Structures are given as structure tokens and as C-alpha cells.
Enquirer: 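Okay, here's the structure, questions in a sec.
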Amino acid sequence: EKIRSSFITVGVGRLHSLISFVEADYIDLFHDNRDVKKTHSELRLLAQGRLISQRELFFFGLFGGIALTLLLVIAFIWVIQGLDVDSKSPFALVFPTFRGPFLLIVLQWLFTWNVLGWSANHVNYKNVLRYNYHYSLPSELLKRAATFTAIFLILFLLYLLTDLNLGPLQR
């Protein structure tokens with residue numbers, strides 16, 4: 001009898017109407033009405049207190065492991081070959097080409113962590129910075145930064161491998 005007369009059971013209809021009211025206001029204030037399904041999934045993540053889904057977190061961890069492995073391989077090759085960016089070697093001539101993309105990737109990561117910080121502290125950066133509908137979710141920013149980093153690391157590793165002195169294997 002106590003369960004049937006509890007506030008939640010009695011007010012279920014009122015609770016559902018309140019949830020739909022909040023969803024409608026959220027869509028009107030913060031999103032373009034063209035992609036309602038995406039807006040509902042984002043609202044669900046925000047209501048759960050999550051910025052990144054478990055699937056995205058898994059792939060981000062997988063990327064982190066692969067990126068760390070690539071960085072260790074690059075560092076190993078750098079130390080073994082004794083590469084010097086100040087010498088007259090072909091590596092020293094091409095190395096400045098990799099600095100620009102590296103700085104852009106660092107900027108992308110800083111922007112991503114900035115948005116994650118705003119979102120984690122429940123500050124609506126979209127209103128503060130007066131973004132209309134042109135913004136990215138933290139998970140999308142993480143994917144973008146991870147993709148650019150992976151491409152950069154693979155290209156840098158490939159260049160290092162072509163610059164190696166492989167003896168009889170070198171053409």
C-alpha cells in the first residue's frame with residue numbers, strides 16, 4: 001500500500017510531462033530542430049552525467065595504447081639512429097615540415113580538453129561563447145584529435161623508416 005501511494009508512483013504522469021517539457025526546451029534553446037534523434041541521445045548522456053559513452057571511451061583507450069606504442073617506436077628509432085635536427089642530414093631538412101602539423105594537433109588537443117573541462121563542470125560554453133548550432137560534442141572532438149594524431153604519428157614513423165640506413169635492404 002505504501003508503494004502505491006508513494007510520490008513517484010502517484011506523480012509518474014507529471015514526471016513524464018516534466019521530462020518532455022525539459023527536452024523540448026533543450027532542443028529549442030540549444031539545438032537545431034533538424035536532428036532531434038541526435039539531440040535526444042546527447043540529452044540522455046548529459047542526464048546520466050556522462051560526456052563520453054563507454055564505446056567511445058574504449059576506442060579512446062585503444063587509440064591511446066596504439067599512440068603510445070607508436071611514440072615508443074619513434075623514440076627508439078630516434079635514439080638508435082642518433083637523429084639530429086641540427087645537422088645537414090636529409091632528416092634535418094624535412095623535420096621542420098612536421099613541426100607545423102604537430103603544433104596544429106597540439107592546438108586541437110588543447111581545444112578538446114578545454115571543451116571537456118567546460119562540459120565536466122556543467123558550464124554551457126555554447127551560450128558563453130555565443131555558438132549557435134556550429135559546435136562539436138566532446139566525444140566528436142576527441143575522435144577528431146585522435147584521428148589527426150594517428151595520421152601524424154604514422155606518417156612521421158613512415159618517414160623515419162625511409163630515412164633509416166637498412167644496409168642491404170635499402171634500395
Side-chain angles (χ1 to χ4, degrees), residues 7-9 11-12 14-80 83 95 97-162:
F7 175 75
I8 293 177
T9 1
V12 161
R14 189 172 168 199
L15 182 64
H16 286 301
S17 67
L18 184 61
I19 288 172
S20 63
F21 175 74
V22 169
E23 285 178 351
D25 276 353
Y26 183 78
I27 291 170
D28 289 341
L29 293 175
F30 302 116
H31 291 283
D32 193 2
N33 291 327
R34 288 175 273 178
D35 198 0
V36 177
K37 185 176 180 181
K38 180 180 175 185
T39 303
H40 281 287
S41 68
E42 180 184 340
L43 184 60
R44 193 175 316 111
L45 282 175
L46 289 173
Q48 292 173 353
R50 289 185 172 179
L51 299 174
I52 303 169
S53 70
Q54 287 183 342
R55 182 176 181 265
E56 291 165 337
L57 193 60
F58 169 76
F59 284 114
F60 183 65
L62 181 67
F63 158 77
I66 292 171
L68 183 64
T69 304
L70 284 173
L71 282 173
L72 289 174
V73 168
I74 289 171
F76 180 73
I77 291 172
W78 196 297
V79 170
I80 294 299
L83 297 174
F95 183 73
T97 307
F98 287 101
R99 272 189 266 181
F102 174 75
L103 290 176
L104 288 175
I105 290 170
V106 167
L107 181 67
Q108 178 70 38
W109 277 109
L110 290 175
F111 182 69
T112 300
W113 291 113
N114 183 20
V115 169
L116 276 171
W118 285 71
S119 300
N121 291 306
H122 304 292
V123 175
N124 192 343
Y125 69 93
K126 296 168 265 213
N127 280 347
V128 172
L129 301 175
R130 295 189 180 166
Y131 290 163
N132 288 332
Y133 303 117
H134 305 288
Y135 69 92
S136 297
L137 296 174
S139 60
E140 293 170 345
L141 290 171
L142 278 172
K143 288 177 192 175
R144 192 174 301 135
T147 302
F148 288 149
T149 304
I151 291 170
F152 176 80
L153 287 175
I154 289 170
L155 289 176
F156 192 69
L157 180 63
L158 286 175
Y159 177 74
L160 284 179
L161 291 175
T162 59

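Counting from 1, the numbers follow the sequence of the chain as shown. Nothing here was measured: the structure is a model prediction, and the numbers come from that model. All values below were derived from every heavy atom in this structure, side-chain atoms included, with hydrogens, water molecules and symmetry-related copies excluded.
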Enquirer: To check you understand the geometry: which heavy-atom pair defines the closest contact between Phe60 and Trp113, and what is its length?
Expert: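 Heavy-atom minimum between the residues: CZ-CZ2, 4.4 Å.
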Enquirer: Assess the residue pair Leu142 and Leu116 against the criterion (side chain to side chain contact (heavy atoms under 4.5 Å, CB included)); give the C-alpha distance rounded to whole Å, side-chain angles, the decisive distance to 0.1 Å, and a yes or no.
Expert: CA-CA 9 Å; Leu142 278 172; Leu116 276 171; 4.2 Å; yes
Enquirer: Tell me whether Phe152 at atom CZ has more than 12 heavy atoms from other residues, nucleotides or ligands lying less than 6.0 Å away.
Expert: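 Enclosed.
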Enquirer: Show which side-chain atoms of residues 101-110 pair as donor or acceptor with protein atoms under 3.5 Å away, not counting sequence neighbours.
Expert:
{"from": "Trp109", "atom 1": "NE1", "to": "Thr149", "atom 2": "OG1", "distance (Å)": "2.7"}

Enquirer: Under 6.0 Å from the CZ atom of Phe98, do we count more than 12 heavy atoms belonging to anything else shown?
Expert: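 Yes, CZ of Phe98 has more than 12 neighbouring heavy atoms, counting only those of other groups under 6.0 Å.
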Enquirer: Test of understanding: with side chain to side chain contact (heavy atoms under 4.5 Å, CB included), list the residues that count as partners of Ala150, not counting sequence neighbours.
Expert: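 Per chain and number, Ala150 pairs via side chain to side chain contact (heavy atoms under 4.5 Å, CB included) with Phe63.
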Enquirer: With rounding to the nearest 0.5 Å, note down the distance linking CZ in Phe156 to CD1 in Ile77.
Expert: 9.5 Å
Enquirer: Of all residues at least two apart in sequence or in a different chain, which pass the side-chain hydrogen bond (donor to acceptor under 3.5 Å, both in side chains) check with Thr112?
Expert: none
Enquirer: Please report the shortest heavy-atom distance between Val115 and Pro138, naming the atom on each side.
Expert: CG1-CG, 4.1 Å
Enquirer: Leu62: which residues meet the side chain to side chain contact (heavy atoms under 4.5 Å, CB included) condition with it, sequence neighbours left out?
Expert: Phe59, Ile66
Enquirer: Partners of Leu155 by side chain to side chain contact (heavy atoms under 4.5 Å, CB included), sequence neighbours excluded?
Expert: Ile151
Enquirer: Rounded to the nearest 0.5 Å, what separates atom CG in Leu153 from atom CG in Leu71?
Expert: 5.0 Å
Enquirer: Suppose we screen for side-chain hydrogen bond (donor to acceptor under 3.5 Å, both in side chains). Which residues come up paired with Trp118, at least two apart in sequence or across chains?
Expert: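 Trp118 satisfies side-chain hydrogen bond (donor to acceptor under 3.5 Å, both in side chains) with Asn114 only.
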